[in-house]
Every structure is written in structure tokens, then in C-alpha cells.
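Each remark here refers to the structure printed beneath this line.
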Amino acid sequence: MKVNLILYNIGTLVTGKELSLTSNSMENIEVLENAYLAISNGEVLEYGIGEIPKNLIADNTLLEDIHGKVVTPGIIDSHTHLVHYGSRENELPLKIKGVPYLEILRNGGGILSTVRATRKATKEELFQKAKATLDRMLCFGVTTVESKSGYGLTLEEEIKQLEVNKELDNKHPIDIISTFMGAHAIPEEYKNDSKEYIEEIIRMLPIIKEKNLAEFCDIFCEDEVFSVEDSRRILNEAKKIGYLLKIHADEIVSLGGAELAGEIGTLSAEHLMAVSDEGIKALKENNVIANILPATSFNLGKSYAPVRKMINEGVRVAVSSDYNPGSCPTENMQLVMQICSSQLKLTPLEIFKAVTLNAAMAVNREKEIGSLEKGKKADLVIYDTQNLNYIFYNFGINHVKDVYKEGICVVKDKKICY
Ligand code: IZC
Ligand code: ZN
């Protein structure tokens with residue numbers, strides 16, 4: 001049997017494999033103590049408890065002693081606005097004074113200021129900025145990232161952003177899943193004719209699909225941005241031509257975005273801080289994944305999505321960063337996970353499930369990633385701790401020691417090495 005690498009003496013191995021669901025618990029993932037994990041050709045070959053079976057060891061097998069530390073699947077950041085230019089720290093004093101996010105946008109700031117900067121940037125500039133971000137994410141254990149467009153808002157400029165996604169996917173160890181989000185804001189040139197911009201988005205959809213630049217279509221369904229009716233129209237058009245769907249739903253105002261997600265059958269609904277009880281029911285009944293972005297609530301000083309209620313109702317919950325230059329400028333998924341612990345009262349196992357298997361489902365990749373099961377990619381993280389609780393207990397620092405992407409070490413002792 002040909003094995004390239006075996007990690008052994010793993011104190012805690014979270015394989016992330018889903019165990020049968022006996023209740024609505026989200027702690028139903030497999031965890032092994034004193035384990036080994038064998039990797040062959042970038043995939044998980046086998047894992048188990050105790051001594052490494054002799055038949056797994058060939059002359060050229062690399063054996064790596066993990067010294068009782070923690071190993072988990074690679075973290076999947078299933079909601080980011082990765083590719084953009086500029087930054088918005090000029091809005092910090094406004095935010096501190098309590099000026100609402102939507103008011104800043106109404107006055108031509110917010111998303112629109114990032115649109116101006118992104119349109120001016122070259123593809124190379126966008127690539128270099130996003131690459132630096134991905135390097136930071138990788139050091140926090142992230143091995144797959146969903147990346148939305150939405151700072152171009154013209155066909156040409158949206159294509160520019162999406163082509164950067166493709167280039168990053170080709171050139172960086174992190175896998176990129178690309179989402180078209182032309183429906184992110186009404187651009188300034190359509191300020192007095194938003195209906196015409198919606199028509200423009202509908203014209204962009206097939207062109208971007210034909211170029212194979214995006215797998216998902218997302219929309220900012222929000223007060224003063226895209227109404228439920230506009231969102232229904234755009235998402236249904238996208239569905240017809242083969243996009244998988246996402247929706248920014250009930251983030252600031254309870255508009256009925258979650259109900260729409262259920263009606264249309266989006267794969268996930270994002271944010272959900274203001275979701276209604278009917279909305280939660282719609283998510284559950286239609287198997288829509290609730291993708292929660294708690295660092296945005298933390299950064300804006302807003303309320304959190306009612307995660308426990310959703311879990312109790314049987315909704316599948318994923319957690320992601322929402323990395324973007326406005327409401328959540330952080331690449332630190334470990335901080336996001338620590339917020340889940342301290343603010344949302346999720347347990348370590350619930351949190352790991354939310355950022356691995358459930359996140360893989362939110363980007364339609366659960367057959368390849370999200371758990372360390374036989375045949376899946378050997379994307380994994382080694383933490384410099386002796387147990388899972390410590391990762392959440394000693395908060396605010398990065399416990400990730402090493403990261404492997406498809407069986408190859410890309411972060412060693414906290415340093416990028418790809
Ligand atoms: O740039 O503000 N919420 N879109 C919807 C964002 C945040 C990104 C931004
Ligand atoms: Zn977002």
C-alpha cells in the first residue's frame with residue numbers, strides 16, 4: 001500500500017465525520033484520541049486509534065509525530081468579499097458615533113467607496129492584495145475560501161474581479177469558490193434608475209456563466225438595497241441558467257429574506273441576525289443552510305443571529321468570516337470561532353462542525369472536503385494545544401501550528417512554506 005505521510009501520536013483527531021443524528025445536536029462529529037492519519041496522493045487513506053498498522057508503512061513513508069496535539073480538517077471560510085481594493089478606516093469615526101451602515105452607503109460611502117477603488121485598480125493590484133489576505137487566512141488554518149464579486153457592478157468590472165478569483169485559485173494553495181454578486185449595491189450611475197440596473201444584472205448572468213467564472217450567485221437582499229421582489233427575480237433567473245444560489249438575508253432589517261431563501265431553494269442564507277420565526281421555519285423545511293457571520297455583529301456592535309434557536313429547530317448552521325473592507329475587515333477565522341464560543345455559547349465541537357462539514361455543504365463541496373474521511377482531500381490543521389477546549393479558552397491568539405493542503409505542508413511552525 002503506497003502511503004506518503006502518516007501523522008501519528010495525535011492527541012485529539014477531529015475527523016469531522018458526521019455521526020448519525022439522534023437529536024438536533026450539532027456535536028455529532030467523530031473525535032478520536034491517540035490517533036493516526038495516513039495520507040496518500042493528497043487524500044486521506046486511513047485513520048484509526050493507537051499504533052500505526054505495519055502494513056501502512058512503506059520505505060518512503062514520512063512519519064510525523066504530532067506529540068499529542070490537536071488535528072482537525074482544514075477550515076472552510078464559506079462567505080468572503082475577498083477581492084477588492086482600498087480600505088474604509090475613514091468610516092471608523094462614523095461607526096463609533098453610531099452612524100448606521102446603510103446611512104453610510106446611502107451617502108455614497110460603504111460598498112460604493114470600495115467600488116470606486118476596485119474599478120480603478122488593475123487585476124495585478126487586486127491579485128496581490130487578495131493573495132496577501134489569503135496568506136494570512138492560511139496561517140489561521142483556512143484551506144478553502146468562497147469569494148464574491150460585487151465591487152465592479154458593470155459587466156467588465158465584475159469579470160475583472162471574477163478573473164482574479166480564478167487566478168488566485170490557480171496560483172494559491174487555498175481553493176477558491178467563485179460567486180457572482182453583481183447585486184451587491186445599486187451603482188452610483190444607476191442611482192435614479194435602479195430597475196435598469198436590475199435588468200443589467202440579468203443581462204450579465206448568462207455571460208458570466210458562459211465564461212465559467214462563477215458557480216454561485218448571491219444578492220444583498222436588504223432595506224434600501226435589493227428588495228425581496230428584486231431578489232426573487234434575480235435569483236430565479238440565476239437558477240434557470242444553472243447557478244447555485246446564496247442570499248444575504250435579514251442582516252439588518254427583517255425583510256423576509258430567509259422566507260425567500262426557502263421559497264426559491266437557495267443552498268444557503270447568510271447573516272440572519274434579524275431572521276423571523278417564520279424565516280427559521282422556512283430554512284428548516286427547505287434544507288437551507290444558515291451561514292452565520294458573528295464577527296460582523298461583533299465589529300458593528302450589533303446583535304447576533306439566533307443560532308441556538310436555529311439549531312434547536314433543526315437548521316444546519318455554518319459559520320464564516322464575512323471578510324470584507326466594511327463591516328468585517330478581519331481574516332482571523334479563529335477569532336470568529338472564539339466569538340462563537342463566548343457570545344453564541346456554541347461548544348467546540350459545534351463550532352468545528354460549523355466551519356468544516358457544514359461550511360463544505362454551504363459551498364457544495366462536502367464530497368471532497370469538510371472532514372478527514374477516506375478519499376477526501378487531506379486538508380488539515382495542527383494546533384499547538386493539547387486539547388480542543390484550549391483553542392477557545394486562550395482567546396485572541398492563533399493556535400494554528402501547521403497547515404496541510406492536499407497532503408502538502410503549506411504552513412510550518414506558523415510560517416508560510418508553500
Ligand atoms: O463592503 O460592506 N454587507 N456587503 C454586505 C458587505 C457587507 C461588504 C461591504
Ligand atoms: Zn457578505
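Source: prediction; values computed, not measured. Both ligands and their constituent atoms are indexed starting at 1 by order of listing.
Just one residue in the list Leu7, Thr12, Val14 forms a side chain to side chain contact (heavy atoms under 4.5 Å, CB included) with Ile10, and that residue is Leu7.
Within the cation-pi definition used here (under 6.0 Å to the ring centroid, within 45° of the axis), Lys209 qualifies as a partner of Tyr243.
Judged purely by distance below 3.5 Å, without hydrogens or angles, the side chains of Asp135 and His172 pair a donor atom with an acceptor atom. Between Asn165 and Ser147, the side chains place a donor N or O and an acceptor N or O closer than 3.5 Å (distance only, hydrogens not considered). If you check the side chains of Tyr47 and Glu30, you find a donor sitting under 3.5 Å from an acceptor.
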Just the distances, no angles: every ligand 1 N or O to protein N or O pair closer than 3.5 Å, one line each.
residue	atom	partner	partner atom	Å
ligand 1	1 (O)	Arg88	NH1	2.9
ligand 1	1 (O)	Arg88	NH2	3.4
ligand 1	1 (O)	Tyr151	OH	2.6
ligand 1	2 (O)	Arg88	NH2	2.8
ligand 1	2 (O)	Tyr101	OH	2.5
ligand 1	3 (N)	Tyr101	OH	3.2
ligand 1	4 (N)	Tyr101	OH	3.4
ligand 1	4 (N)	His184	NE2	2.7

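Rounding to 10 degrees gives 110° for the angle at the Zn ion (ligand 2) between NE2 of His79 and NE2 of His81.
Pairs engaging residues 334-362 under the salt bridge (Lys or Arg N to Asp or Glu O under 4.0 Å) rule: Glu18-Lys353, Arg308-Glu350 [sequence neighbours left out].
Using bins of under 30°, 30° to 60° and over 60° for the plane-to-plane angle, the ring pair Tyr190/Tyr197 lands in the tilted bin.
Under 2.8 Å from the Zn ion (ligand 2) lies no N/O/S atom of His271, from backbone or side chain alike.
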